[in-house]
Amino acid sequence: MPLLWMLLCLKRDHSRDNVDLVQRFPGLHVYGADDRIRGLTHKVVHGQEIKFGDINVRCLFTPCHTSGHMCYFVWEDGCPDAPALFSGDTLFVGGCGNFYEGTAEQMYKNLTETLGTLPKETKIFCGHEYTVRNLKFALKVEPDNEDVKEKLAWAKARDEDDIPTVPSSLEEEFTYNPFMRVQEEAVQKFTRKTDPVEVMRVLRKEKDNLKKKDQMPIPSILAFQLSLLSRSQPAKE
């Protein structure tokens with residue numbers, strides 16, 4: 001069976017080396033939902049299931065962060081372990097992706113219907129680890145939520161010890177992720193909205209505004225990147 005490379009979305013931070021991999025490994029299969037994915041060999045659609053031996057993969061279309069974003073729900077025949085969701089840039093631990101190419105309506109459907117109805121024990125493997133940052137925002141939204149407080153303290157401790165905070169579980173996300181809790185009274189109170197889609201829209205706007213405040217200014221980012229580049233260069237004799 002040819003080597004397998006599963007893609008979660010088309011962005012370069014997930015798929016920039018596809019072409020090189022395809023060249024290095026003839027017969028490599030690159031799966032994805034968007035024609036813009038470099039090196040794509042097999043385009044998939046929502047609901048499609050792919051089987052590799054005892055491993056089953058169900059493709060779940062979740063447009064919003066990008067218009068062609070696909071998540072992958074994975075389980076193994078005869079295995080007692082919980083199934084896994086590779087959620088890319090749609091669902092993070094304690095948060096969700098930016099609405100770069102989509103709408104609050106789409107993300108609401110993604111989180112509550114497409115992903116939110118999966119088995120509660122499903123393990124969430126996201127494309128980025130923004131756990132501490134996400135939970136700080138979650139605490140701002142729900143300052144009295146004990147699940148948020150406990151998860152944030154746990155994540156900070158893991159972060160200090162350089163230990164991953166991924167995966168979480170779908171069941172856990174419903175207790176502390178504000179984007180999964182848009183029908184909760186406390187979250188609606190924070191957004192001053194009651195319609196769940198509008199709650200989602202306001203949450204994303206508030207999160208984006210908070211992120212802008214935390215971002216380094218462009219000159220500082222460039223200086224930091226240049227310093228990393230210089231460190232990677234071999235010393236001259």
Side-chain angles (χ1 to χ4, degrees), residues 1-97 100-102 106-131 164-174 177 179-180:
M1 182 176 68
L3 290 171
L4 168 69
W5 183 257
M6 293 299 292
L7 286 179
L8 298 181
C9 68
L10 63 93
K11 290 179 64 184
R12 287 181 59 82
D13 58 333
H14 294 265
S15 59
R16 71 182 68 199
D17 292 323
N18 291 352
V19 174
D20 183 51
L21 285 169
V22 170
Q23 291 175 345
R24 291 189 182 195
F25 302 100
L28 179 71
H29 291 184
V30 179
Y31 293 82
D34 197 304
D35 290 326
R36 293 174 292 178
I37 295 174
R38 298 182 65 195
L40 181 69
T41 63
H42 291 68
K43 190 172 181 179
V44 296
V45 297
H46 179 70
Q48 180 178 345
E49 292 192 1
I50 312 168
K51 194 171 181 63
F52 305 96
D54 291 334
I55 303 297
N56 302 276
V57 182
R58 182 182 302 152
C59 304
L60 300 174
F61 188 48
T62 53
C64 186
H65 186 75
T66 60
S67 60
H69 195 287
M70 188 74 74
C71 294
Y72 299 99
F73 179 65
V74 182
W75 72 98
E76 183 177 359
D77 294 335
C79 179
D81 294 341
L85 174 70
F86 292 89
S87 57
D89 284 335
T90 294
L91 174 61
F92 299 131
V93 180
C96 73
Y100 286 138
E101 296 182 359
Q106 287 178 315
M107 187 58 78
Y108 175 74
K109 181 179 180 181
N110 292 341
L111 298 183
T112 62
E113 298 180 22
T114 307
L115 305 184
T117 55
L118 293 173
K120 63 181 182 179
E121 66 272 18
T122 301
K123 297 297 183 182
I124 309 299
F125 292 89
C126 46
H128 299 279
E129 189 168 352
Y130 302 139
T131 307
T165 59
V166 177
S168 64
S169 73
L170 186 61
E171 185 175 26
E172 290 176 353
E173 292 298 324
F174 278 111
N177 187 332
F179 296 93
M180 304 285 284

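This one's a predicted model, so the numbers in the text were calculated from it and none came from an experiment.
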Verdict with supporting geometry, Leu118 and Leu85, side chain to side chain contact (heavy atoms under 4.5 Å, CB included) = CA-CA 9 Å; Leu118 293 173; Leu85 174 70; 4.0 Å; yes
remark   = Taking every heavy atom of Gly32 against every heavy atom of Leu40, the minimum-distance pair comes out as N-CD1, 3.3 Å
message = Run Lys51 and Asp77 through salt bridge (charged side-chain N to carboxylate O under 4.0 Å, His left out) and show every step you take.
response = CA-CA 10 Å; Lys51 194 171 181 63; Asp77 294 335; 2.5 Å; yes
ask   = Counting distance only, does the side-chain N/O of Asn177 pair as donor-acceptor with the main-chain N or O of Gly95 below 3.5 Å?
value = yes
request  = Measure up the Phe86 and Phe125 rings against each other and bin them: parallel (under 30°), tilted (30 to 60°), perpendicular (over 60°).
outcome  = parallel
task = Determine, step by step, whether Ile55 and Val74 satisfy the side chain to side chain contact (heavy atoms under 4.5 Å, CB included) criterion, reporting the C-alpha distance in whole Å, the side-chain angles of both residues, the deciding distance to 0.1 Å, and the verdict.
result = CA-CA 7 Å; Ile55 303 297; Val74 182; 3.7 Å; yes
remark   = Applying ring pair (Phe, Tyr, Trp, His ring centres under 6.0 Å) to Phe73 and not counting sequence neighbours gives Trp75
remark   = Here the pair of heavy atoms bringing Asn110 nearest to Phe61 is OD1-O, 4.1 Å
inquiry  = Set out, in order, the CA-CA distance, both residues' side-chain angles and the distance that settles side chain to side chain contact (heavy atoms under 4.5 Å, CB included) for Asp81 and Glu76, then state yes or no.
reply    = CA-CA 8 Å; Asp81 294 341; Glu76 183 177 359; 6.0 Å; no
Donor-acceptor pair, side chain of His128 and main chain of Phe92, under 3.5 angstrom = no
query = Rounded to the nearest 0.5 Å, what separation is found between the CD atom of Glu49 and the CG atom of Asn56?
reply = 6.5 Å
task = Check for a donor-acceptor pair, side chain of Asn18 on one end and backbone N or O of Arg38 on the other, with a separation under 3.5 Å.
result = yes
ask   = Do Cys96 and Leu111 come close enough that some side-chain heavy atom pair is under 4.5 Å?
value = yes
remark   = Between Gly68 and Ala33, the two heavy atoms sitting closest are O-CB, 3.4 Å
key: Nearest heavy atoms of Leu170 and Pro119, plus distance in Å   = CD2-O, 3.7 Å
ask   = Which value, rounded to the nearest 0.5 Å, describes the distance between Met70 atom CE and Arg58 atom CZ?
value = 13.0 Å
note = d(Lys43 NZ, Thr41 OG1) to nearest 0.5 Å is 13.0 Å
task = Return yes if some donor-acceptor pair links the side-chain N/O of Ser87 with the main-chain N/O of Thr90 below 3.5 Å, else return no.
result = no
message = Keeping Ser67 on the side-chain end and Pro63 on the backbone end, is there a donor-acceptor pair under 3.5 Å?
response = no
ask   = Distance from Tyr72 atom OH to Thr62 atom OG1, nearest 0.5 Å?
value = 9.5 Å
inquiry  = Test your reading of the model: is there a side-chain donor-acceptor pair from Thr122 to the backbone of Pro83, 3.5 Å cut-off?
reply    = no
Donor-acceptor pair, side chain of Glu173 and main chain of Ser168, under 3.5 angstrom = no
remark   = In this structure, OG1 of Thr66 is separated from CD1 of Ile37 (nearest 0.5 Å) by 8.0 Å
inquiry  = Is there a side-chain contact between Glu172 and Val93 in this structure, where contact means two heavy atoms from C-beta onward sitting under 4.5 Å apart?
reply    = no
Point-to-point distance, once rounded to the nearest 0.5 Å, from CG of Leu91 to OG1 of Thr114 = 11.5 Å
task = Please report the shortest heavy-atom distance between Met107 and Gly97, naming the atom on each side.
result = CE-O, 3.7 Å
